[in-house]
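Quick notes on the structure that follows.
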There are 2 protein chains.
Amino acid sequence: MQRNQIDQVRRFNRLLTRRVGALQDSYLKRGRPLSQARVIFEAGAAGGIDLRDLRGRLGLDSGHLSRLLRALEADGFVAVARKPDDGRARRVVLTARGREEFAAYDRLSDRLARSMLAPLGAAQRDRLVAAMGEIERLIRAAELTVAIEPADGEAARFCLRQYYAELEQRFETGFFAGPDDAAELAPPSGAFVVARIGGEPVGCGGLRRLAAATGEIKRVWTAPSMRGLGVASAILAKLEAIARDQGHARLRLDTNRTLTEAHALYAGRGYREIARYNDNPYAHHWFEKRL
Amino acid sequence: MQRNQIDQVRRFNRLLTRRVGALQDSYLKRGRPLSQARVIFEAGAAGGIDLRDLRGRLGLDSGHLSRLLRALEADGFVAVARKPDDGRARRVVLTARGREEFAAYDRLSDRLARSMLAPLGAAQRDRLVAAMGEIERLIRAAELTVAIEPADGEAARFCLRQYYAELEQRFETGFFAGPDDAAELAPPSGAFVVARIGGEPVGCGGLRRLAAATGEIKRVWTAPSMRGLGVASAILAKLEAIARDQGHARLRLDTNRTLTEAHALYAGRGYREIARYNDNPYAHHWFEKRL
DNA sequence: ACAATTATCTGACTAAAGTCAGATAATGCA
DNA sequence: TGCATTATCTGACTTTAGTCAGATAATTGT
């Protein structure tokens, strides 16, 4: 890590701290303590929230939160009710008055955002927004996790639905998914992994047994909004580690010629193109990597 | 301003608020109240600061600040002394112990910056840093001011020195500045303007009388780190407004063929190429705009 | 069925932040 | 010179924030 990179990040943090401080100040100027405002904000943003989650999210002591809520109830901003499925737990929702207050905070955030864009010309505005999107994606990519999950689980199905839809659109021939093979993509000689960022599934990949000591990588997919951040590379790394643990000595995979970005990825991770090893009608290239 | 732009800025602000909050938390975890930490930080960053400025910067009540300082003095972190030139005012400087504490806060900022870079690969790190630099420049560009200043003032000389050095480097023939003409670049039929961002000079431009009702734009320059942010455009706009006020009906200017970015700028602001109107040996193109 | 666990609330605190009306002293200016 | 101004300090608050040890009630596991 270079010193000038660290300095740039620090300058950036310092600059943004001021901007963010300005927002907190304007929250306070609405005449409500900051922690009360934060409760209204969280409850409003999610359309109601369990106290347990709220406490975790704001890092508040349970006694403190309890008192905050009583104050907000007394002022008519929130209503707290038992949860029907668990009588110990409770849930806050905003009243009509609370929603008004939430809207006011919402307008303040909006105003801050506008004030950052307002002094810029159209071209510079586009550049600012693009750079913010880039930073957001990169920072969120830092929370990337890749873990084994069932290939017929909810997250897996969510990813695969989008994967198939994308293949259907990109392949010159269209695409029809073959028979369900979730059972193959599971231990002891296979696996399915889901990549998540902040809890949201953003990618997946499968591994199955192809032949003795040979695994096959399948269904590697990254959400379009998260491409270029190393998600697919992390998925491959995970699958390769799993394959090694399961005793595979080499990995193979096939790919369609329209998926050009995948070629670069496989080449970069040490896969070498080999001769056709299957009769997949959608495949144009075949790769292999020794583990 | 588009809704999706505003939303991107808001998401970005929300994300950064958390990061910044993490820094504030770690300040607090050093066992010192946040406002004391902020005083140490401000005093340390500037190598001493007047109470008046400190109060303005942190937005503190004078009584509150007074007590904070007494607490910090009692703990041996700061020394407060009368200012020699104004016995009412006072100034805080850090003691050796205070500087140690400051260094600790400094290390925390550093650690936060490192923690943002650490989980990324080299390519993504570069992209994050580049995007942060872009945002920093764009946000700072929002504070751009362009004002008339003397052509022989400190800021003007600072800009012109760099302007001449750059011409010397970029012109195929090298460049030697002609005789001093600061007197021409002044009212009533001329002007010199300096563009500043956050007090720092980042560009300049001159206007002089060329003939009856005709002004000439000269020495338009933008600091390399601030190019592409509309600084030169703002300088031209200012000079054009001044020329109009001074009764000029048209503006002319010449430029060297190596300054390609200047051509686009002039064309974009309505200057049209005309025939040679002077014998400037460094000029290859001549432009005019009717006001 | 009942002990352990979980979720929240209450009481009794301390610490920090912020406010406001004077008091004190140096300075600027008529 | 003396009066208004400026910069800071002091005292006497109130409000927020945050902590911790129980109390209460619902739920879970055995």
Side-chain angles (χ1 to χ4, degrees), chain A residues 21-22 24-43 46 48-75 77-93 101 105, chain B residues 17 21-22 24-43 48-75 77-93 101 105:
Chain A
Q24 290 199 342
D25 285 355
S26 54
Y27 279 176
L28 280 169
K29 292 218 176 70
R30 283 198 58 77
R32 196 145 292 286
L34 187 57
S35 50
Q36 285 190 21
R38 295 206 298 165
V39 168
I40 290 176
F41 199 86
E42 293 293 338
I49 186 171
D50 295 356
L51 297 209
R52 183 185 6 191
D53 299 341
L54 188 54
R55 229 172 33 239
R57 202 177 286 207
L58 301 181
L60 295 174
D61 173 85
S62 83
H64 190 184
L65 177 59
S66 183
R67 261 174 284 267
L68 282 175
L69 289 173
R70 252 180 307 126
L72 286 168
E73 274 184 317
D75 292 347
F77 290 111
V78 306
V80 183
R82 281 223 136 57
K83 289 191 67 177
D85 55 320
D86 183 344
R88 296 167 300 181
R90 306 185 55 176
R91 190 177 175 78
V92 218
V93 288
E101 191 68 10
Y105 291 129
Chain B
T17 307
Q24 290 199 342
D25 285 354
S26 55
Y27 279 176
L28 280 170
K29 294 224 173 67
R30 282 198 58 77
R32 195 145 291 288
L34 185 56
S35 50
Q36 285 189 21
R38 294 205 300 165
V39 168
I40 291 176
F41 200 86
E42 293 292 339
I49 186 170
D50 295 356
L51 296 207
R52 184 185 4 193
D53 299 341
L54 188 54
R55 228 172 33 239
R57 204 176 286 207
L58 301 182
L60 295 174
D61 173 84
S62 82
H64 189 184
L65 176 58
S66 183
R67 261 175 284 267
L68 281 176
L69 288 174
R70 251 181 309 125
L72 286 169
E73 273 183 319
D75 291 347
F77 289 112
V78 305
V80 183
R82 281 224 136 56
K83 290 191 68 176
D85 55 322
D86 183 343
R88 296 167 299 182
R90 306 183 58 177
R91 189 176 175 78
V92 218
V93 287
E101 191 69 10
Y105 291 130

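Values below: every heavy atom of this structure, side chains too, minus hydrogens, waters and symmetry copies. Since this is a predicted model, take the numbers as computed values, not measurements. Proteins get letters first, then strands, A, B, ... in listed order; numbering begins at 1 in each.
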inquiry  = At 4.0 Å (heavy atoms only), tell me whether L65(B) reaches a base, stays on the sugar-phosphate, or touches nothing.
reply    = nothing

task = Remember a base hit wins even if backbone is also touched, and classify R32(B) as base, sugar-phosphate or nothing at under 4.0 Å, heavy atoms.
result = nothing

remark   = D25(A) CG to dA17(C) P, in whole Å, measures 14 Å

inquiry  = On DNA chain D, compare the nucleotides closest to R91(B) and G87(A); which residue's is nearer the 5' end?
reply    = R91(B)

query = In whole angstroms, how far is the C1' atom of dG18(D) from the CG atom of L69(A)?
reply = 16 Å

key: Phosphate OP1/OP2 of dT8(D) contacted by R90(B) side-chain N/O (<4.0 Å)   = no

key: Between dA16(C) (P) and Q36(B) (CD): distance, integer Å   = 8 Å

inquiry  = Taking only side-chain N and O atoms of R82(B), does any of them lie within less than 4.0 angstrom of OP1 or OP2 on dT8(D)?
reply    = no

note = H64(B) atom NE2 is separated from dA12(D) atom P, nearest whole Å, by 18 Å

query = Is the phosphate of dT5(D), meaning OP1 or OP2, less than 4.0 Å from a side-chain N or O of R88(B)?
reply = no

ask   = Knowing that exactly one of D53(B), D86(B), D50(B) qualifies, which makes a side chain to side chain donor-acceptor pair (under 3.5 Å) with R91(B)?
value = D50(B)

task = Calculate the interatomic distance between L34(B) atom CG and dG18(D) atom C1'; express it in whole Å.
result = 14 Å

task = Pick base, sugar-phosphate or nothing for R70(B), based on heavy-atom distances below 4.0 Å to the nucleic acid.
result = sugar-phosphate

inquiry  = Between P on dT16(D) and CG on L72(A), what's the gap in Å once rounded to a whole number?
reply    = 11 Å

key: Any S35(A) side-chain nitrogen or oxygen under 4.0 Å from OP1 or OP2 of dA17(D)   = yes

key: Options dC9(C), dA7(C), dC9(D), nucleotide nearest the side-chain atoms of R52(A)   = dA7(C)

